[in-house]
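Okay, structure first, notes after.
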Amino acid sequence: MRSLMKPPVDRVVLAEKETVKLAFFLARPIRPIDVVEHFGMNHRTAVKILESLCAKGYLRRIPHGKGDRHVQYELIQGWSKWMS
């Protein structure tokens, strides 16, 4: 008999979705330190999640200074479709 249980949610996908929710509720550009403080994770992990969301098209980098560093990210339109 086949089980009716859903497969476990991938931790990366869950972390990405929660990061998008955090960005929405902050109502300002999100920074890696916001993710670190909210989830209690390593800075590098927070940056990887933010960069992954940029690659998927949910966040956009906001350049800082001469554009070498990206310390803020903002949600782009259409992100809410992914959350359902």
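Quick note: numbers below take in every heavy atom, side chains included, and nothing from hydrogens, waters or symmetry partners.
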Contacts table for residues 24-36: side-chain donor-acceptor under 3.5 angstrom, sequence neighbours left out:
unit_1 : atom_1 : unit_2 : atom_2 : d
Arg28  : NH1    : Asp34  : OD2    : 3.0
Arg28  : NH2    : Asp34  : OD1    : 3.2
Arg31  : NE     : Asp34  : OD2    : 3.4
Arg31  : NH2    : Asp34  : OD1    : 2.9
Asp34  : OD2    : Arg31  : N      : 2.8

Filter on side-chain hydrogen bond (donor to acceptor under 3.5 Å, both in side chains), then keep only pairs touching residues 37-50, sequence neighbours left out; what's left?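 Matches after skipping sequence neighbours: none remain.
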Could you give the distance from [atom1] ([X]) to [atom2] ([Y]), rounded to the nearest 0.5 Å?
| X | Y | atom1 | atom2 | answer |
| --- | --- | --- | --- | --- |
| Ile76 | Tyr58 | CD1 | OH | 8.5 Å |
| Ile49 | Glu51 | CD1 | CD | 11.5 Å |
| Gln72 | Leu59 | CD | CG | 12.0 Å |

_For Tyr73 against Ile62, the heavy-atom pair lying closest together_ =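 So the two residues come closest at C-CD1, 4.3 Å.
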